[in-house]
There are 2 protein chains.
Amino acid sequence: MLSYFPNFPVPKPMKPKASTPLRSTADFARHVGLARTTVSRVLNGQPGLKQKTIDRVQRALAETGFTPNAHALHLKGKRTAMVGICVEDLLTPPAVRKLASLQKLLRDRGFSSLIEVFAPGKGREVVRHFLSMRVEAVVFIGHFHREEIEARIGELIAHGTPHLVIDHFGLKNAHTVSLDRAAAMAAVVDHLLGLGHRTFGLLAIAKAPASRYDRLTGIQAALRAHGLNFAGCTVTLDPLHERDNDFDYGRKLAGSFLQLAHRPTALVALNDEIAIGALRGLQEAGLNLPRDMAVTGFNNQPIAAMTTPTLTTVNQNIDTTIATAAEILVAQLDAPPRAKPMVRMITGELVVRESTGPARTA
Amino acid sequence: MLSYFPNFPVPKPMKPKASTPLRSTADFARHVGLARTTVSRVLNGQPGLKQKTIDRVQRALAETGFTPNAHALHLKGKRTAMVGICVEDLLTPPAVRKLASLQKLLRDRGFSSLIEVFAPGKGREVVRHFLSMRVEAVVFIGHFHREEIEARIGELIAHGTPHLVIDHFGLKNAHTVSLDRAAAMAAVVDHLLGLGHRTFGLLAIAKAPASRYDRLTGIQAALRAHGLNFAGCTVTLDPLHERDNDFDYGRKLAGSFLQLAHRPTALVALNDEIAIGALRGLQEAGLNLPRDMAVTGFNNQPIAAMTTPTLTTVNQNIDTTIATAAEILVAQLDAPPRAKPMVRMITGELVVRESTGPARTA
DNA sequence: CTGAAAGCGCTTACAG
DNA sequence: CTGAAAGCGCTTACAG
């Protein structure tokens, strides 16, 4: 870490490794008994070398475990083949799945990944670190503080470094790929409307950050298409409990919904965790699901097929998202910077399971 | 990526960025109107500079977004402050939690993390890449092919690069921190014995890779302490289904156990996923849990508190593991290489919930 | 504060 | 195949 980035500890100079004999190609060439130039040629697979020489070098390489210094290579202009990935956190399963998928895809194309958690307020340092490492592109996965990420993207564009944002829709000038959450939520609500539901509890959806408002848009659109008024048929109790977006938050929210004089017949949750917590909360109170209440999740995590009842939810189609991400990155790597940001929407898929059934006729 | 690692694509030379004006401190110094040397002093916080000069440089730094080339810094001997992390995969929740926790801890100490998935057969490339990047240490998280990881660790030791293995116990000469799975499993079985259980179905435990045999050791020890014979009171049906270690594998296994003429009264699973799948499988067949069958998991993932019944499982105490990992790393960074490998065991914690109850007296 | 110089570990012409 | 040289972007004495 560079010391002139204020919040990082001052680095001590690297102490020489006592037991490492071969630090440079010069050392190594001496060890093999060849010229530096010749060794370099072998290492880079250049033509015009005797097979015998090549074998000699390869053998010594294997024996000594000598590794040329990547930093010197990059200084000489060799591409770094590194991509910086900023991830919102490493604890949200869908975000980690995207990270895993992207990392593998990049690896298969010969890129290594520098991965950092983009904590609020730390974005500047993270991106500067990536730039100092001369990464060939920076990818953001997740939702971030809007102004902070827009500032970072501005810097990257000024630097001529390609970027891509996965999931955070609606950022100015940003290349983006994200799930069409509006359409997905509309599909969820449509499904519930078709089952006769007319009153909906929204779990952790109503007061979402601006970038997530598209979920609300979708819900509103679906209701409007059925001639229903959003305010009249939705309820949110989000502020009643400390918001965590986890199982327990869903459980507590479900408990609160049971206190209402007029309960909604369906609960629509931000994610599978909240939905599963709600299932549990409702069952603890003695409700028979889905007869007494419909519940929907989001993300289609594997656990959604294992709960009782199994959970109706939305599949994000992560593979499609990442394949599209690769396209957008490649487009930038191969071509000059473009004026118009590339923005792609991925279509989710409603997965109907047991947690949604016909609305109880009161 | 270096081209002389056979399996990687040949790198193309990096094309110069058209729109990046300031590529070096020389450029930047010219832009600010100061000498390279002066700029370098400011960047490194050296004394003897007028505040006015410092401010001038800092302002220009902020305005231009100039970032000094980390590779050149490292060439000059500045430490890389990088740690390479090899992770078994990015889809196993406890492994990802360890990764997240370790990454944060390293970040807080000023290290950045190079993260790679250590796929079987790819270990050599991954470690060589880390070495070429001159990382200050390499950490392995998970279980690996024994010979492959031992070979890698041998290389690291020869290189004088510190290493640490998290979770893979019993490797030759390796600094290791891992959960005491034997003790944890003994605690699970003890608990079940205390409830009167005498016959146990083992789910994905019996034929585990060598490094996981410690679970079996623990089970055997607990049974022996109660005067019971392992072979006589355990059953495994692992080979009946394609092994996935996920929900569905547990569900299928549970179904197979129900076919047995003499069913065990308790199912002991490798992880929470398999246990939860088993809960589901048993309930689908109409069993009343835990009355008709006890089930235990492993890892204490959040979902374990949300299933019906909630799941008895083992907490890994990941924070302790990672704190210990940090100690072992620091010990190596600060001191000369030591002859004896450091090996630490972390104690897990049995978490009793609803999925285990008194054995049904047949 | 400036400027010229050396050197970190590499690659790449260039002459032998 | 060898060897001497230049240069990538930095830092660090050293003399002005």
Side-chain angles (χ1 to χ4, degrees), chain A residues 1-4 10-17 20-57 61 66-80 131-134, chain B residues 1-4 10-17 20-57 61 66-80 131-134:
Chain A
M1 202 49 45
L2 306 175
S3 68
Y4 19 87
V10 178
K12 291 174 291 186
M14 204 172 196
K15 49 183 175 211
K17 301 273 164 53
T20 312
L22 269 30
R23 303 278 313 155
S24 65
T25 41
D27 288 353
F28 180 69
R30 213 171 298 129
H31 177 262
V32 196
L34 289 169
R36 275 173 90 183
T37 321
T38 311
V39 168
S40 181
R41 288 241 185 73
V42 175
L43 293 177
N44 293 288
Q46 283 169 9
L49 297 166
K50 284 194 229 154
Q51 190 56 43
K52 206 184 116 192
T53 316
I54 297 178
D55 291 346
R56 184 141 67 113
V57 173
L61 214 52
F66 169 71
T67 329
N69 186 321
H71 304 292
L73 291 176
H74 301 147
L75 243 202
K76 275 301 292 179
K78 212 147 241 175
R79 44 186 298 238
T80 58
L131 289 175
S132 78
M133 293 295 291
R134 304 295 190 250
Chain B
M1 200 53 45
L2 306 176
S3 68
Y4 17 89
V10 177
K12 290 173 293 185
M14 206 170 195
K15 51 182 175 215
K17 301 272 164 54
T20 313
L22 270 33
R23 303 279 314 156
S24 66
T25 41
D27 288 352
F28 180 69
R30 214 171 298 129
H31 177 261
V32 196
L34 288 169
R36 275 172 88 182
T37 321
T38 311
V39 167
S40 180
R41 287 240 187 72
V42 174
L43 292 178
N44 293 289
Q46 283 169 9
L49 297 166
K50 283 194 230 153
Q51 189 57 44
K52 207 184 114 192
T53 316
I54 297 178
D55 291 345
R56 186 141 66 114
V57 173
L61 215 51
F66 170 71
T67 328
N69 186 320
H71 304 291
L73 291 174
H74 301 147
L75 244 202
K76 277 300 292 176
K78 212 147 240 170
R79 46 185 296 237
T80 58
L131 289 175
S132 77
M133 292 296 291
R134 303 295 189 250

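Everything numeric here is computed off the predicted structure, so don't read it as measured data. Basis for what follows: all heavy atoms, side chains included, without hydrogens, waters or symmetry-related copies. Letters go in sequence order (proteins before strands), and every chain restarts at 1.
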Exercise for review: Would you mind classifying the nucleic acid contact of Ala35(A) as base, sugar-phosphate or nothing, using non-hydrogen atoms under 4.0 angstrom?
Suggested key: sugar-phosphate

Practice item. Considering just the side-chain nitrogens and oxygens of Thr25(B), establish if one lies under 4.0 Å of OP1 or OP2 belonging to dG9(D). Key: no

Take the protein atom [atom1] of [X] and the nucleotide atom [atom2] of [N], then report the distance between them rounded to whole Å.
| X | N | atom1 | atom2 | value |
| --- | --- | --- | --- | --- |
| Arg134(B) | dG9(C) | CZ | P | 9 Å |
| Leu73(A) | dC8(C) | CG | P | 17 Å |
| His74(B) | dG7(C) | NE2 | P | 22 Å |
| Asn69(A) | dC10(D) | CG | P | 16 Å |
| Phe28(B) | dC8(D) | CZ | C1' | 20 Å |
| Asp27(B) | dC8(D) | CG | C1' | 12 Å |
| His71(A) | dT11(D) | NE2 | P | 15 Å |

Revision key, fill the gap. Taken in chain and number order and not counting sequence neighbours, the residues that satisfy side chain to side chain contact (heavy atoms under 4.5 Å, CB included) with Leu131(A) are Val127(A), Leu156(A), His159(A), Thr161(A), Thr67(B)

Taking only N/O atoms, report every protein-nucleotides 12-15 of chain D pair under 3.5 Å with atom names and distance.
unit_1: dT12(D); atom_1: OP2; unit_2: Gln46(B); atom_2: NE2; d: 2.9

Practice item. Please name the pair of heavy atoms, one in Pro68(A) and one in Ser132(B), separated by the smallest distance, quoted to 0.1 Å. Key: O-CB, 3.3 Å

Review point. Hey, is the main chain of Ala72(A) close enough, under 3.5 Å, to the side chain of His71(B) for a donor-acceptor pair?
Key: no

Check your understanding: Quick one: ring pair (Phe, Tyr, Trp, His ring centres under 6.0 Å) pairs with a partner in residues 22-48 of chain B, sequence neighbours left out?
Key -> Phe28(B)-Phe66(B)

**Study point:** Any pair counted as salt bridge (charged side-chain N to carboxylate O under 4.0 Å, His left out), so long as it reaches residues 28-39 of chain A, sequence neighbours left out
**Key:** Asp27(A)-Arg30(A)

Review point. In dot-bracket, 5' to 3', how would DNA chain D read with Watson-Crick or G-U wobble pairs under 3.5 Å, [ ] for crossing ones and | for pairs to another strand?
Key: |||.||||||||.|||

Revision key, fill the gap. Closest to the 5' end of DNA chain C, once Ala72(B) and Gln51(B) are matched to their nearest nucleotides, is Gln51(B)

**Study point:** Residue met sooner reading DNA chain C from 5', once Arg56(B) and Leu75(B) are mapped to nucleotides
**Key:** Arg56(B)

